[in-house]
Amino acid sequence: MLRLHDTATGAVRPFEPRDAGRVAMYVCGPTVYDVPHLGHGRFVLVFDVLRRYLEWSGYEVRYVSNITDVDDNIIQRANAEGRSESEVALQYEAVWYEATDALGVRRPDVDPHATAYVEHMVGLVEQLVERGCAYETGDGVYLSVESVPGYGLLARQSLDSLQSGARVEVDDEKRSPVDFALWKKVKPGEPSWPSPWGPGRPGWHTECVVMALDLLGDGFDIHGGGQDLAFPHHENERAQAVAMGRSFARHWVHNGWVMVGGEKMSKSLGNFTSLVDLLERVDGRAYRLLVLRSHYRSPLEVTPDTTADASSALERLDNLVRRAAAEALPRAAPDVGALDRFRTAMDDDLDTPAALAVLFDAVRQANSALDAGDPAGAAPLVATVRELAEAMGLVLGGDDEAVDPDTAALVAARDEARAGRDWAAADAARDELVARGWVVEDTPAGTRVRRRRN
RNA sequence: GGCGGCGUGGCCGAGUGGUUUAGGCAAGGGCCUGCAAAGCCCUGUACCCGGGUUCGAUUCCCGGCGCCGCCUCCA
């Protein structure tokens, strides 16, 4: 039985889906105005792992994640670069998926775009106004948080303390500083859509309510995102649903941030590393492993040291799978005990570090069995490693880089020299291979090479 | 000011009121190897500080110190 932390209650509690055997989850996606950074990489991995684990556990999962393709930043960039908002959005959406693909993150079942939902959003705002929960001002339409019982649930603060601590600029027309825009009336140089309040565009917090309820229905199971979305974004989504008298997410899941030098990585601090840059130097699987190595709600420090560490650990996993592939092991089912330990760890609020410990234990045992010349003993352990890695989205073994003719010649030369016990020549060939970036290993079948990582 | 989180061995990072250990990376020793690499075995006596509860606390409670975050766009 999976237990998951729920931001709404601040506690880990049993996960009980709306419909038996099925999970409907919504994860807040990116605003596509720039390249994704490491923090984006972490959240897509965290929720990809949750999704995969739910499926591995037997649930049928419907996974929805939006693309915000209209917003201040996109408009600003489009104007600065003299092109249209949709051009900017399309470009960065392509970059987004290229990066998440490289991480091995499965694409959502549905990826709704805000611009395709504007009419729905206008409809929602109209209803909120009719219900007396929203009001029009000179520059837009706002939701009155006073009309929402329990506002502050996700912030885990009372409305009073939120109001007293509010840092938003005072706007005379707003009834409370915490009230937020549902609709923004058009300003010069901005894209707009028609509405009862004149041309304008939707506020950010409205798209996710509309799309989540439309695609997953009332009372869907999981709503996820980075911790910084809990307040105000998710709070405000929930406020709209509550104001409409509709039930919203049953379970709120938020992941911790990526840190750099002890500080939160964020666009506003300007201390972010682009995910695209990282993926040029580091295997996407190593980043997945790095993310898996800490609990999803803890902060995660990403440095050259921690990524190198993860790369080495990944190599250990790859090495076993390669080694096993070369030995033609009998078919075998995974070890039941290990699977149980894995399940226990993951069921405990997705304790992936503990789950990895189970995986690495199986790796060591499999290597031992292989060392002992016991393929029958190794087979179930190798099957376990494959099974668990796959459950967490890690594809092991790696694609062995094709060996070019020069390299093949060096390998052949080394084998010949070794056969003739000409160690000097053999070592010279090895040195040359290493200099060319290969890892050289002698096996009963002769010299084997593979690309060195990092 | 309000609210929340964190402080574990060289590094990363789980976890637990007490018998044997998380796990990974790095390091040292050993086995294997022509030498290596890969792999295996062994080693390091860790839990911010001060009180309290307890037969016993890293693990619960209180206080302190330090760090971080949210209350504004942000994954």
Side-chain angles (χ1 to χ4, degrees), chain A residues 7 10 27-31 36-44 46-47 71-73 152 154-158 160-169 177-178 180 204 224-233 235 254-259 262-269 272 289-290 292-295 297-301 303 305-317 319-320 322-323 345 348 351-361 363-372 418 421-424 426-427 430-431 434 438-443 447-450 452:
Chain A
T7 309
V27 177
C28 278
T31 300
H37 60 66
L38 265 28
H40 296 103
R42 184 180 192 190
F43 98 76
V44 292
V46 164
F47 289 101
D71 119 293
D72 291 349
N73 292 307
L154 296 174
R156 306 205 56 72
Q157 286 201 66
S158 69
D160 278 353
S161 63
L162 283 170
Q163 285 178 332
S164 64
R167 289 183 283 161
V168 285
E169 285 172 37
V178 191
F180 59 92
W204 177 42
Q227 216 142 59
D228 43 3
L229 293 187
F231 190 92
H233 185 53
E235 185 79 55
H254 294 102
N255 66 276
W257 359 88
V258 168
M259 309 290 283
E263 259 191 339
K264 175 190 173 189
M265 172 177 293
S266 74
K267 293 263 171 106
S268 44
L269 289 175
F272 66 92
L289 197 53
L290 181 58
L292 250 14
R293 284 195 336 179
S294 71
H295 186 85
R297 285 190 283 115
S298 302
L300 174 66
E301 189 78 39
T303 65
D305 277 356
T306 61
T307 53
D309 185 324
S311 296
S312 298
L314 174 65
E315 212 170 318
R316 178 166 161 76
L317 298 175
N319 285 347
L320 171 71
R322 264 199 225 92
R323 181 181 183 191
D348 181 14
D351 188 350
T352 54
L356 283 177
V358 177
L359 176 70
F360 279 97
D361 277 341
V363 169
R364 181 178 43 75
Q365 289 169 15
N367 273 317
S368 284
L370 256 12
D371 281 354
R418 292 190 71 227
R421 305 183 67 80
D422 180 353
W423 308 128
D427 290 350
R430 179 169 61 198
D431 290 346
V434 169
W438 296 93
V439 174
V440 181
E441 293 177 9
D442 296 337
T443 73
T447 299
R448 289 169 54 89
V449 294
R450 64 167 201 276
R452 184 167 50 237

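The chains referred to below are lettered A, B, ... by the order of the sequence lines, with proteins before strands, and numbering in each begins at 1. These numbers come from a predicted model, not from an experiment.
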Pairwise [atom1] distance for [N] and [M], with rounding to whole Å:
N	M	atom1	value
B:U59	B:U43	P	27 Å
B:C74	B:G4	P	23 Å
B:G1	B:G9	C1'	39 Å
B:A27	B:G63	C1'	39 Å
B:C62	B:A75	P	36 Å
B:A14	B:C31	C1'	31 Å
B:G17	B:A37	C1'	45 Å
B:C71	B:G44	C1'	45 Å

Contact class for [X] vs. all strands (heavy atom < 4.0 Å): base, sugar-phosphate, or nothing?
X	result
A:D427	base
A:E263	sugar-phosphate
A:M265	base

* Taking for each residue the nucleotide of RNA chain B bearing the nearest heavy atom, is the 5' side occupied by A:G225 or by A:A426? -> A:A426
* A:R421 vs A:G256, nearer the 5' end of RNA chain B by closest nucleotide -> A:R421
* Asked: Is any side-chain heavy atom of A:H37 closer than 4.5 Å to a side-chain heavy atom of A:M265?
  -> yes
Donor-acceptor contact below 3.5 Å, side chain [X] vs main chain [Y]:
X	Y	value
A:T307	A:T303	yes
A:R430	A:V440	no
A:T352	A:A355	no
A:D351	A:A354	yes
A:E235	A:L154	yes
A:S312	A:A308	yes

Identify which nucleotide among [options] has an atom closest to any side-chain atom of [X], counting heavy atoms from C-beta outward.
X	options	value
A:S161	B:G2, B:A75, B:C74	B:G2
A:V258	B:G23, B:C73, B:A75	B:A75
A:P232	B:A26, B:C73, B:A36	B:C73

Who does [N] pair with, Watson-Crick or G-U, both distances under 3.5 Å?
N	answer
B:U53	none
B:C6	B:G66
B:C40	B:G30
B:C47	none
B:U58	none
B:G17	none

Can you tell me the distance, in whole Å, between the [atom1] atom of [X] and the [atom2] atom of [N]?
X	N	atom1	atom2	value
A:L162	B:G1	CG	C1'	13 Å
A:R430	B:C35	CZ	P	11 Å
A:F231	B:G5	CZ	P	18 Å
A:N255	B:G69	CG	P	16 Å
A:L229	B:C74	CG	P	7 Å
A:L289	B:G23	CG	P	16 Å
A:Q157	B:G4	CD	P	8 Å
A:Q365	B:A22	CD	C1'	14 Å

* Structure fact -> In short, A:L320 meets A:N367 closest at the heavy-atom pair CD1-OD1, 3.4 Å
* Atom of A:T7, atom of A:H254 and distance for their closest heavy-atom approach -> OG1-ND1, 2.6 Å
Listed pairs, N/O of protein and of nucleotides 9-15 of chain B, under 3.5 Å:
residue	atom	partner	partner atom	Å
B:C12	O2'	A:R293	NH2	3.0
B:G13	O2'	A:R293	O	3.4
B:A14	OP1	A:H295	N	2.8
B:A14	OP1	A:S298	OG	3.0
B:A14	O2'	A:D351	OD1	3.4
B:A14	O2'	A:D351	OD2	3.1

* **Ion pair check, A:E315 and A:R450, cut-off under 4.0 Å** => yes
* Taking 4.0 angstrom as the limit, do A:D442 and A:R418 come out as a salt bridge? -> yes
* Do we count A:W423 as stacking onto B:G34 if the rule is ring centres under 5.5 Å and planes under 30°? -> yes
* Asked: With no hydrogens and no angle check, do the side chains of A:N319 and A:R322 hold a donor and an acceptor under 3.5 Å apart?
  -> yes
* Donor-acceptor pair under 3.5 Å, A:R42 side chain vs B:A75 base -> no
Tabulate protein N/O versus nucleotide N/O from nucleotides 37-39 of chain B, keeping only pairs under 3.5 Å, one per line.
residue	atom	partner	partner atom	Å
B:A38	O4'	A:E441	OE2	3.4
B:A38	O3'	A:N319	ND2	3.3
B:G39	O3'	A:N367	ND2	3.1
B:G39	O2'	A:D371	OD1	3.2
B:G39	O2'	A:D371	OD2	2.7

* To do: Check whether any side-chain nitrogen or oxygen of A:K264 sits under 4.0 Å from OP1 or OP2 of B:A75, and answer yes or no.
  => no
